[in-house]
Amino acid sequence: MEATDGQIAKETLELAFQISNMLETGLDRHTLSLLIALIDRGINPEPLSAVVRELSSPSSRTQPSFAFSSSAKP
Amino acid sequence: MDDTATVDLVRELVLRLLSSGGRSSTASNNSDAAVRYALRLLSSRMSPSVIPDELSLVESIKRRLAVSGRSSSALGFADLHSKLSARAPLLNRWALLYLLNSLSLDRHRPESSPAPGLPFLPLHLPHPPRTSASSIAGGMAGGGVFLVAKDPENIREIALREYADLFMEDNEVSESALVRDVLYACQGIDGRYVRFDRSTDGYDMPESLKVPKPTRSIVRRLCELGWLFRKVRGYISEGIVDRQFDIGTVGQAFCSSLQDELVDYYKLLTVLTSQSANPIPSAGSDSGGGAGNYLSLRRLAVWLAEPTVRMRLMAVLVDVCGELRGGAMAGAIHSHAQHGNPLVQEFMGRLLRRVCSPLFEMVRIWVLEGELEDVFAEFFILSQPVKAESLWREGYQIQSSMLPSFISPLLAQRILRTGKSINFLRVCCEDNGWVEASGEAVAHVGATTQRGGLGYGDTNALEALVVEAAKRIDRHLMDVIHKRYRFKDHCLAIKRYLLLGQGDFVKYLMDIVGPELSEPANTISSFQLAGLLETAIRASNAQYDDREILDRLKVRMMEHGDGDRGWDVFSLEYDARVPLDTVFTALNMKRYLKIFNFLWKLKRVEHALTGLWKTVKPNYINSCIFANESFGVKMQFVSVLRRLQVLWNEMNHFVTNFQYYIMFEVLEVSWAHFSDGMNSSKDLDDLLAAHDKYLYSILEKSLLGEGSQSINKTLFVLFDHILRFRSLADRWFEHIHELQHRRNKSKSKSKGELGKVGSLIDGGRKALLQFSRDFFGKMSEELDKVAKEYSAALHDFISQLPLQQHIDLKFLLFRLDFTEYYSRVSSNK
């Protein structure tokens, strides 16, 4: 049933994309597919959303923090 | 944990995100750094704080959508979700939904405006130590300490917390401790931080205590109440303990009413103290006021506003009343009660009602029973122990320093008079009829005779009571004086006897007593005179008078020096007993005596002149004198006689007119006025005043007053001249009659016998001629002298008369000088 698997996956993605649009997250399909893949791999959604937030927001907030993080100690 | 596939995925995600973020192309090392960062994030095991419950998450999403007004989307979402769960049961739907939800929330968050008004946005805070507060929203402070700060609205909370910390740093002392201390200060107790400073005379916190300025000023303001309270309490304790016997009943009433006010104050303070146990919400927390009734400094200020006003009033009163007592204290407090503020008025009304109750009680008892219940000398009526006859005049007086200002002086006079009358009736008249009078007065007014019937606000009621009581008691007193003691009769008797109103009695008395009084004063015995007085009384109409009155009439011999004749020391006196001697005091009797002496002298002069007329009047007897003598002698005699008669006439004119003036213009007129005054007087004071006026007018008009001393002397000089003239004339006529007698005898003898007395007759005739010439010459000389002296004195008198003040003396002048003979003569001189 691979076709159905692919199909299932496609439909799932479609549905998820619709949900994401409804919630106005501003994600596109590709990013969403990556996120779903990562979630499937067992990564917690919380840090994932933090990553997405940090990296996708164009505000100046991320800029200094970006610099900050670069100079932060590990 | 990451295997390469994951890492690749992550890398790709990052690249996508970065490129889709719309940023300018970044360098590769940036993206590498981003990837590293992302990996780090992901490996940090950050886990959400909610239980992975899909259904509840779905529900919350749906709710959120519905609430934000997109209910169609909510329905659509529900539909999609059901499809998804049908399609991909293996998918970790919860995680996906959670991710999407958080992303959508985040997307929506920056759109809403940030919380307004926060002075501190963590973005701008450069303080390194404030690690807890800064850059918290991103949760990206280095070191990996993360707060679960999902919503940036925490900015407000953060700001508050920061403010609270600042605040805490400034204050060494907590606000609740300060509140407690202030409450202690308001009761006069020193607290831990707030103490009473004697040098500045106030409550204050020590300077060393680190407290912000506004707090310090609030605390100081609230402690003013403590200062006022100390003052009031000090006064009360002093009044009740130390000066217990000094301060008097009014002062004690004042202290006790202050204490009652303080009880209310204590109650308030207890309530406040219990409230202050509730914790004050700190500056940063947001309890919203629902956590019990806490008490902060500002709330305390609001609560204590009204008690401060009242305490200030009390402190002002305490200051004003410092050393005062009794009625003066009541008056001072009353003057402070004239205030527009209804709160103040009500407070003062309460206070004054209690303070004045002892005073009003004293007034009531005084007015209704005549008793003075004044142990501490607070009442405005003073009593002195005096004898019965001066009870009215000096026994009771008003002490105006103790008179409170709400009792007018007129009312005070009435009060004094009423009580005095009751005492007078009780002591002097031994009368108890005033009890009914008081009872009637009370019934009429409607006030009670119980204690406390009258209060401060009832000044009108008090006045009504006093007026009624005064009216009735006065009427009763007048009744007693007039009916039982027959005041009018006594006055009339005095007028008849002492003021020589009873003419026939006086004439008899003078006839009988006259010869006695010509002796030197020290040979006269008063018993004899008393006997003569009795005789005179019995001989005249006076015998029909009341025995009681006649008993009081006595003879009195005044002190005499050497050479005084009886005329100078003789006087009558009238014995007035209690209670009438209130009117006829010793001073008044002295005045009567003075008038009596004057009138007696005047009567004596008149008597002398009329006696003289008996001898010199031109009748047959006188015309027979020397009828048979030679013409020369007779002529001389007649001329001298004529001149004598003329002079007599002058003197008589003067004396008669003067007597008439005294009798009718002075005595009778004054008596008429006095009668009117007696009938119209409503109380004893009026009666006394009328009587005094009566006496005074008599004294003034008969030239016995102080202003008439010189003319009085002139008058007495005149009288002396007249009396001397009388005695002179008497002597002359004695001589003449003796001569006549001898002449006749010799004549008749000469007719009978010759020889022996013949030579005597012859010699006698010549001698007689010579003798008569000498005699008449001397007589005319003396007569001239007397006439001259007399007319000089009379001129003196008449010239001084217009200088007198009293208008009635002008009538005297008119009578004496109606032809202006004297004035013309004097102007011709």
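Numbered from 1 within each chain, the chains take letters A, B, ... in sequence-line order.
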Q: Calculate, to the nearest 0.5 Å, the distance between atoms CG and CD1 belonging to B:L9 and A:I43 respectively.
A: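 The CG atom of B:L9 sits 8.0 Å away from the CD1 atom of A:I43.
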
Q: If you take all heavy atoms of B:S102 and A:R53, which pair is closest and at what distance?
A: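 Closest approach of B:S102 to A:R53, heavy atoms only: O-NH1, 4.0 Å.
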
Q: Side chain, backbone, both or neither: which part of B:R64 has a heavy atom under 4.5 Å from chain A?
A: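 Only the side chain of B:R64 comes within 4.5 Å of chain A.
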
Q: Under a 4.5 Å heavy-atom cut-off, does chain B meet the side chain of A:E11, its backbone, both or neither?
A: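 When you check distances to chain B, only side chain atoms of A:E11 fall under 4.5 Å.
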
Q: Quick one: CG on B:L13 to NE2 on A:H30, what's the gap to the nearest 0.5 Å?
A: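 Separation between the atoms: 9.0 Å.
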
Q: Quick one: CZ on B:R93 to OG1 on A:T12, what's the gap to the nearest 0.5 Å?
A: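 With rounding to 0.5 Å, CZ (B:R93) is 10.0 Å from OG1 (A:T12).
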
Q: How far does CE of A:M22 sit from CG of B:L100, to the nearest 0.5 angstrom?
A: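 One gets 11.5 Å once the value is rounded to the nearest 0.5 Å.
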
Q: To the nearest 0.5 angstrom, please state how far the CG atom of B:L84 sits from the CG atom of A:L13.
A: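 These two atoms lie 10.5 Å from each other.
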
Q: Counting only non-hydrogen atoms closer than 4.5 Å, does B:L65 touch chain A with its backbone (N, CA, C, O), its side chain (CB onward), both, or neither?
A: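 The side chain, not the backbone.
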
Q: Can you tell me how far CG of B:L96 sits from CD1 of A:I19, rounded to the nearest 0.5 angstrom?
A: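 Going from CD1 on A:I19 over to CG on B:L96, the span is 7.0 Å.
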
Q: Does the side chain of A:P45 come within less than 4.5 Å of B:W94's, by heavy atoms?
A: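 A side-chain contact under 4.5 Å exists here.
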
Q: Looking at every non-hydrogen atom in both residues, tell me the closest pair between B:S104 and A:L23 and how far apart they are.
A: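 Of all heavy-atom pairs spanning B:S104 and A:L23, the closest is CB-O, 2.8 Å.
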
Q: For chain B, which of A:L32, A:L27, A:L38, A:D40 has the most heavy-atom pairs under 4.5 Å?
A: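 Looking at each of A:L32, A:L27, A:L38, A:D40 in turn, A:L38 comes out on top.
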
